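Encoded as structure tokens, the structure appears first; notes follow it.
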Amino acid sequence: MPRQFGAYINELRSRPGILVNNGLPHAAQRHTAAHELGHHRLGHRSTTDENLDPPDKGWSGWTDEEKVAESFASWFLMPRRAVLTALGRLGLERPQSPDDVYMLALLLGTSYRSTIRHLPNLRLASRDLARQWARVPPKKIKARLDNAALPPTSSSSDVWVIDKNFAGTELTVHLGDRLIVTVTNDAKASIDPPEAFRVMPASAAMPSPTDTSTPTTSAQGLSNALILEVEQIVPSRVEIFGSANSQVNKWAFDVQVEERHSGLARRWIE
């Protein structure tokens, strides 16, 4: 069911419920669930949704019920306060590029396209700029952010660019995701447990690390970076030290890993 996103079930003498395709990317699953919840809260009849993340075609072909359910999902998952908080974590007041929108979507747990579509509603981007960004596929963004020498294990894996602004946060990631941790030249990292991640070598165009905790130059040119690939479904903590033997400029973040599923997930609404 590659294009079957989900369904809302509301039949006479039956409890209402929703179906979500677990084969979709995690963010698309969340958006689909919110969209179907919108159908429920707005008192709609049973419906199936085959594509809730279309290319940039506006509302063409959408019924009035689908439009309001989609608006419900966008505001439910991306209220202005949550979006501004996430932008602050990125050190931004508003997105400046498709890369910024991609990272914003990761923090919010939303899809790239749904995030772009909602930015004009939040007055954080013009509709023309949003349409321009929507033409840049996430695959291209991930390739630009990821400077590891080896390709990712899955095309659905995400790439997180993490810096000191993420100190004290807890990230929810998936197996195969890559964390590009930007640090200073002399920084060292401590990973607990160490088997949670695979330390990736940088691409041939980047300087090779002298050991597993020595950072390499980021493809973005922001600073040096430690490249980590999520290998196990275990909670973990990454600590960055300002230098090898110093607690100065120490910062850390926590990581929770969710397993990917497939098939349909059924949820009845009480």
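We use all heavy atoms of the structure for the numbers below, so side chains are in, but hydrogens, waters and symmetry mates are not. Because the structure is a prediction, the values reported are computed rather than measured.
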Problem set entry | Candidate pair H44 and V68, rule side-chain contact (heavy atoms from CB on, under 4.5 Å), full reasoning | CA-CA 10 Å; H44 294 168; V68 294; 3.6 Å; yes
Exercise. For L107 and F166, what are the C-alpha separation, side-chain angles and deciding distance, and is it a side-chain contact (heavy atoms from CB on, under 4.5 Å)?
Worked result: CA-CA 11 Å; L107 285 174; F166 284 74; 3.6 Å; yes
For this session: With side-chain contact (heavy atoms from CB on, under 4.5 Å) as the test, would you mind laying out the steps for T48 and Q4 before giving the verdict?
Result: CA-CA 8 Å; T48 59; Q4 183 68 50; 3.8 Å; yes
For this session: Decide yes or no on side-chain contact (heavy atoms from CB on, under 4.5 Å) for T47 and E65, but give the supporting numbers first.
Result: CA-CA 10 Å; T47 183; E65 285 193 352; 5.6 Å; no
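In this structure, D192 CG and D254 CG are separated by 10.0 Å, a value rounded to the nearest 0.5 Å. Of the inter-residue distances, the one linking H31 atom NE2 with R113 atom CZ reads 12.0 Å to the nearest 0.5 angstrom. Here the CG-CG distance, from D49 to N21, works out to 12.0 Å after rounding to the nearest 0.5 Å. Of the inter-residue distances, the one linking T32 atom OG1 with F5 atom CZ reads 5.5 Å to the nearest 0.5 angstrom. For the atom pair CZ of R30 and CG of L77, the computed distance is 5.0 Å after rounding to the nearest 0.5 Å. Note that CG of D177 is 8.5 Å distant from NZ of K142, once rounded to the nearest 0.5 Å.
Between the side chains of R127 and N121, at least one donor N or O sits under 3.5 Å from an acceptor N or O. No hydrogens or angles considered: a donor-acceptor pair under 3.5 Å links the side chains of D158 and Y102.
Scanning for side chain to side chain contact (heavy atoms under 4.5 Å, CB included) contacts around A27 gives S111, with sequence neighbours left out. Not counting sequence neighbours, the partners of D100 by the side chain to side chain contact (heavy atoms under 4.5 Å, CB included) test are L92, P95, Q96, S97. For the side chain to side chain contact (heavy atoms under 4.5 Å, CB included) test, residues two or more places apart in sequence or in another chain that qualify with N165 are D163.
The two residues L108 and A82 come nearest to each other via the heavy atoms CD2-O, 3.8 Å. G176 approaches E229 most closely through the heavy-atom pair O-CG, 3.9 Å. Here the shortest heavy-atom pairing between G17 and Y8 reads O-CD1, 3.4 Å.
Enclosure of atom CZ in R237 by more than 12 non-hydrogen atoms of other residues, nucleotides or ligands within 6.0 angstrom is indicated.
Between K188 and E239, none of the side-chain N atoms (NZ, or NE/NH1/NH2) sits under 4.0 Å from a carboxylate O, so this pair counts as no salt bridge. R45 has no carboxylate O lying under 4.0 Å from a charged side-chain N of E11, or vice versa, which leaves the two without a salt bridge.
By the 30° and 60° cut-offs, the orientation of the rings of H35 relative to H39 is perpendicular.
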